[in-house]
Amino acid sequence: MQLIDGKATAAKIKEEIAEEVKQIVAAGGKQPHLAAILVGHDGGSETYVKNKVIACETCGFKSTLIRFEEDIPEVELLAKVKELNEDSDVDGFIVQLPLPKHIDEQKVIMAIDYRKDVDGFHPINVGRMSIGLPCFISATPLGIITLLRRYNIETSGKKCVVLGRSNIVGKPMAQLMMQKQYGDATVTVCHSHSKTLKEDCKEADIIIAAIGRPDFVTADMVKEGAVIVDVGTTRVPDATKKKGFRLNGDVKFDEVSPKCSFITPVPGGVGPMTICSLMKNTLSAGKKEFYK
Ligand code: NAP
């Protein structure tokens, strides 16, 4: 079994990005600029945004953090989105999700200029991704594809099961694994109403678990030699940790890992690659790689 080290891979890619940024700036080009909007004080979101700002520094990007209180009216948030759309110094920006209940998330996503949508959530980017056109690809699935490639894991013609069908992970992941230029695999998507989930997993060469159910994938669901990608990050109480919780994956690591050819740990697997892919998208935005 080989552990897929997302932390080390992400660090290496961020170094490569920083090197490219240095060259761009040395040649008189513009330093890429990522802005992030954070609404409220949710612990998870605070951590994600903080890590994104740190990653920007590592990559040599300019970053701007815009904070609003939980009760910000939707109209005010939309006005900020419009301002960022029109700000020529900002190459890309994100609105950290989830948003408070009184704000229509989809409306906010739709308001973002797709040419600056480095999260890849706007329907134009989702649509372009699904027909294989250049675009911003959602960071977690892009990070997983990058990991599989960097570890030379063969995906073409393999049976891949994606657990979960969310808009930000499961659906785009299944799309990418299916597409010729990315996974080129035969893909099955399972969700909470799938009747043959266990049987499907047992036949899979690659399982990508993104359901948010700690230890859901057990050894009896996994074929010998399978590749396992664990996207799940659920906070579970743990008195031995300083913060009082630990991050638990969707895979029962101890019993599943001996059966695998490759497996991602939690933490240190998919998580660091997600932020790294956001950085890649920001670099692409700065270079106007997909849209003029
Ligand atoms: P989500 O929006 O809650 O979607 C969960 C999906 O899992 C849904 O499609 C749901 O099915 C399915 N599901 C739930 N329980 C199931 C069960 N018992 N059997 C089969 N399918 C089940 O979650 P998400 O945003 O995609 O995130 C999934 C997990 O990945 C979470 O733990 C999240 O924290 C983590 N995550 C990690 C990263 C990272 O960078 N590491 C990034 C994003 C998300 P239905 O559609 O039928 O409800």
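Because the structure is a prediction, the values reported are computed rather than measured. FYI, side chains are in, hydrogens and waters are out, and symmetry mates aren't considered; it's all heavy atoms of this structure. Each residue takes its place number in the sequence, starting with 1. Each ligand, and each atom within it, is numbered from 1 in the order the structure gives.
- Scanning the protein for heavy atoms near atom 46 (O) of ligand 1, the closest one is R165 NE, 2.7 Å.
- If you take OG on S130 and CD1 on I137, they are separated by 10.5 Å, rounding to the nearest 0.5 Å.
- Proximity of I211 to ligand 1, defined as any heavy-atom pair under 4.0 Å, is shared by backbone and side chain alike.
- With a 4.0 Å heavy-atom cut-off, ligand 1 is reached by the backbone of T233 and by its side chain too.
- At a cut-off of 3.5 Å, with distance as the only test, no side-chain donor of D42 or Y48 sits close to an acceptor on the other residue.
- Protein heavy atom closest to atom 31 (C) of ligand 1, with residue, atom name and distance, is G212 CA, 3.7 Å.
- Counting atoms of ligand 1 from 1 in the listed order, those under 4.0 Å from a heavy atom of G164 are 6 (C), 7 (O), 9 (O).
- Applying the 4.0 Å criterion to heavy atoms of L197 picks out, from ligand 1, the atoms 20 (C).
- In this structure, R235 forms a cation-pi arrangement with F245, its terminal cationic atom sitting closer than 6.0 Å to the ring centre and no more than 45° off the ring axis.
- Under the 4.5 Å side-chain heavy-atom criterion for ILVMFWY residues, a single connected hydrophobic cluster contains both L147 and I153.
- Using modelled atom types, no side-chain atom of Q96 and backbone atom of A36 make a donor-acceptor pair closer than 3.5 Å.
- Short contacts between ligand 1 and V169, defined as distances under 4.0 Å to a heavy atom of the residue, involve ligand atoms 26 (O), 43 (C), 44 (C).
- Residues E70 and H41 bring no donor and acceptor atom of their side chains to less than 3.5 Å of each other.
- Residue contact check: G271 has heavy atoms under 4.0 Å from atoms 40 (O), 41 (N) of ligand 1.
- At a 3.5 angstrom cut-off on N or O pairs, R213 counts as close to ligand 1.
- Nearest protein heavy-atom neighbour of atom 42 (C) of ligand 1: T140 OG1, 3.3 Å.
- Relative ring orientation between Y151 and F262 is described as perpendicular, the plane-to-plane angle rising above 60° on a 0-90° scale split at 30° and 60°.
- A donor-acceptor distance shorter than 3.5 angstrom exists from the side chain of S138 to the backbone of I168, with no hydrogens or angles considered.
- Distance remark: protein heavy atom present below 4.0 angstrom from atom 15 (N) of ligand 1.
- Looking only at protein heavy atoms, the nearest one to atom 17 (C) of ligand 1 is F216 CE1, 3.9 Å.
- With D250 contributing its side chain and I211 its backbone, the two residues share a donor-acceptor pair below 3.5 Å.
- Using a 4.0 Å heavy-atom cutoff, C190 is absent from the residues neighbouring ligand 1.
- Close approach of ligand 1 to A210 is summarised as follows: ligand atoms under 4.0 Å from at least one heavy atom of the residue are 6 (C), 7 (O), 28 (C).
- A heavy-atom distance below 4.5 Å is found between the side chains of D220 and K198.
- Contact annotation: V231 has at least one heavy atom less than 4.0 Å from an atom of ligand 1.
- Put simply, the residue from T234, V251, L247 that forms a side-chain contact (heavy atoms from CB on, under 4.5 Å) with P214 is T234.
- Within the set S192, S194, G170, the minimum heavy-atom distance to atom 11 (O) of ligand 1 is found for S192.
- Looking from atom 39 (C) of ligand 1 to the surrounding protein, the closest heavy atom is T274 OG1, 3.7 Å.
- In terms of protein heavy-atom proximity, atom 24 (P) of ligand 1 is nearest to S166 OG, 3.7 Å.
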